[in-house]
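Structure, as structure tokens:
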Amino acid sequence: VSLLMNLAKEKILIVDDETDFLDTYSRILSRLGFVSLTAQDAPSAIELIERQRPSLVVTDLSLPIGDGFQVARRARAQVPPIPVIIVTAYHTPQIAKKAHQEGATSYLPKPFTNHDLIEAIRRAVSHPAA
Amino acid sequence: MESPRPDNNPVGNLTPFRIAVGYVVIGGCWFLVTDEVINRLVSIPVHLLFARTVIFIVVTAVPLYYLVNRLATDLFRSNGELRESTARANIYLDSAVEGIVSVDDHGNILSANPAAQQLFGYSRGELVGQPIEILIPERLTSRHRSHRAQYFEAPRSRRMGLGLDLFGKRKNGSEFPVEVSLSFVQTDKGRLAVAFVTDITERRALEREARRGQTLAALGLVAAGIVHEINTPIGIISSRAEFLLTEADDSGLGSDFREGLEVIHRNALRVGRITQGLLNLARQEHKAWSSLNINDVVENVLLLIAKQMSKDGIRIETALDPAIPRVNGDLTAIEDVMINLFVNARDAMPGGGTIKIKTEIAGNPPGGVRIIVADQGAGVRSEQIPRLFDPFFSTKDKGLGVGLWLTRRIVAEHQGTIDVKSELGKGTQFFVVLPTNWDSGR
């Protein structure tokens with residue numbers, strides 16, 4: 001957590017179609033000192049990535065327009081690449097593998113604990129190029 | 001097939017020879033007598049007559065020998081072939097796996113091969129002469145009689161009772177499912193129907209098992225769909241509760257609120273575990289195997305649910321044998337088994353009561369751990385017991401009917417067994433045996 005405090009005011013983009021999900025994790029991340037950006041589909045997420053240049057993207061896979069892999073690819077294509085955490089309710093080993101291939105830094109099947117998420121964020125921001 | 005040769009054919013060698021010798025003797029006598037008569041009437045030198053007789057008889061005896069020999073050989077050969085083909089037919093009949101029964105047009109059994117005798121539980125020869133209907137359950141005999149009459153009017157080779165479930169009846173009265181194909185033979189004594197009977201008990205069982213597998217697979221898909229839908233909201237609930245718990249310290253919320261949040265959080269996590277367990281069952285995911293002390297598992301689960309139990313008027317008595325061996329298992333899965341059994345026991349006693357939980361060493365020699373969970377509820381009717389572990393079967397008003405199904409799947413994955421004993425008005429006991437010393441292979 002102390003490392004996270006050092007990253008204060010870093011921007012994190014959260015992408016999910018559920019407003020309750022966005023609201024909950026925005027609050028949790030704000031509490032940890034991040035500025036959270038939210039998007040509910042792939043095009044608006046991509047626009048935010050390019051305009052706001054967040055330090056980290058947390059995206060769900062199933063989105064009403066586009067999908068989380070598109071968001072992840074665009075984030076990884078930035079210079080320098082933005083670390084991505086993929087979350088999904090439809091966890092299968094195949095999806096986990098694809099998430100890894102798409103350059104996701106971490107992969108979290110839902111439901112996950114706040115501790116899981118914080119761990120994943122810590123890993124992502126400490127090895128952003130990974 | 002080997003054809004019999006004349007030179008080692010007793011009929012071919014001896015009988016024609018005897019016939020020829022007999023011919024020589026009888027013919028000789030006849031000629032000698034007639035020559036004597038002729039000589040009395042016309043005077044011819046005796047030695048000329050004698051020589052003529054001898055030459056005639058010897059010359060005709062030789063072709064006679066060969067002619068008879070040839071006829072005898074043919075007769076012997078066709079006899080042999082007949083014997084051989086009968087023997088071969090008997091080999092087919094005797095070694096056939098199918099029961100083969102032939103019946104005349106009055107419905108009387110003419111023959112039954114050993115497989116048929118064995119299939120229907122009769123001993124050799126008992127079936128011949130009996131009406132075919134003794135092999136058919138009484139409730140079906142009148143139908144069979146009319147079908148049989150129709151068959152003899154227009155016989156042809158076909159499967160019997162297409163689309164119908166056919167049953168055979170053993171000598172002891174028990175029934176078994178059969179498949180029958182019919183054929184017929186025209187003989188000089190009339191028409192015979194031949195029935196080829198196969199016992200399909202095993203096939204039926206396999207079909208049932210396959211259907212069950214398909215049902216479970218479909219159920220797995222449904223479960224997976226539900227679980228995926230639940231994963232997001234339950235994640236939000238647990239994360240939000242966890243977040244509020246961290247906030248609670250700062251905002252000076254009362255301990256009641258804090259406790260409430262803890263309960264929400266704990267149970268949200270449990271739902272997550274259960275849904276994950278459902279998913280695991282649907283797709284047989286790898287489990288986290290470790291060495292478990294079942295007493296610890298029981299005590300931890302009881303800690304989790306004790307408060308609620310006592311609110312529901314449930315007293316819990318434990319008798320945990322400290323000497324039980326450790327078992328290899330997946331902690332979450334075994335916890336789910338315990339929770340399911342304890343919650344079931346509680347639900348069986350809506351007015352409260354005592355749940356007795358016992359662990360002991362199972363088997364002789366010791367090979368595992370037996371866990372007994374007994375309630376004092378209304379009990380389960382005996383006809384419902386075999387269905388208790390079926391998916392979506394529940395004796396509770398609001399039960400979903402997956403708890404015990406899930407429980408049995410988990411126990412089976414641990415190479416264990418689960419049994420149930422129930423007495424109406426006295427209660428139900430579940431016995432779970434988890435073996436030690438098995439390799440989960442992961």
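Below, chain A is the first sequence line, B the second, and so on; all start at residue 1. All values derive from a computational prediction rather than experimental measurement.
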### Message
Heavy-atom cut-off 4.5 Å, strictly under: side chain, backbone, both or neither for B/Leu269 against chain A?
### Response
side chain
### Summary
When the 4.5 angstrom heavy-atom criterion is applied to B/Ser239 and chain A, the contacting part is both
### Query
Salt bridge between A/Glu47 and A/Arg51, side-chain N to carboxylate O under 4.0 Å?
yes
### Query
Should the pair A/Lys110-A/Glu18 be classified as a salt bridge under the 4.0 Å nitrogen-to-oxygen rule?
no
### Task
Compute the ring centroids of A/Phe112 and A/Tyr25, then answer whether they are less than 6.0 Å apart.
yes
### Task
Determine the option with the most heavy-atom pairs under 4.5 angstrom with chain B, choosing from A/Val87, A/Ile28, A/Leu117.
A/Ile28
### Message
Under 4.5 Å from any heavy atom of chain B, what part of A/Asp60 do you find: side chain, backbone, both or neither?
### Response
neither
## Note on the structure
Exactly one candidate in B/Thr318, B/Asn295, B/Asn293 meets side-chain hydrogen bond (donor to acceptor under 3.5 Å, both in side chains) with B/Thr359; the answer is B/Asn295
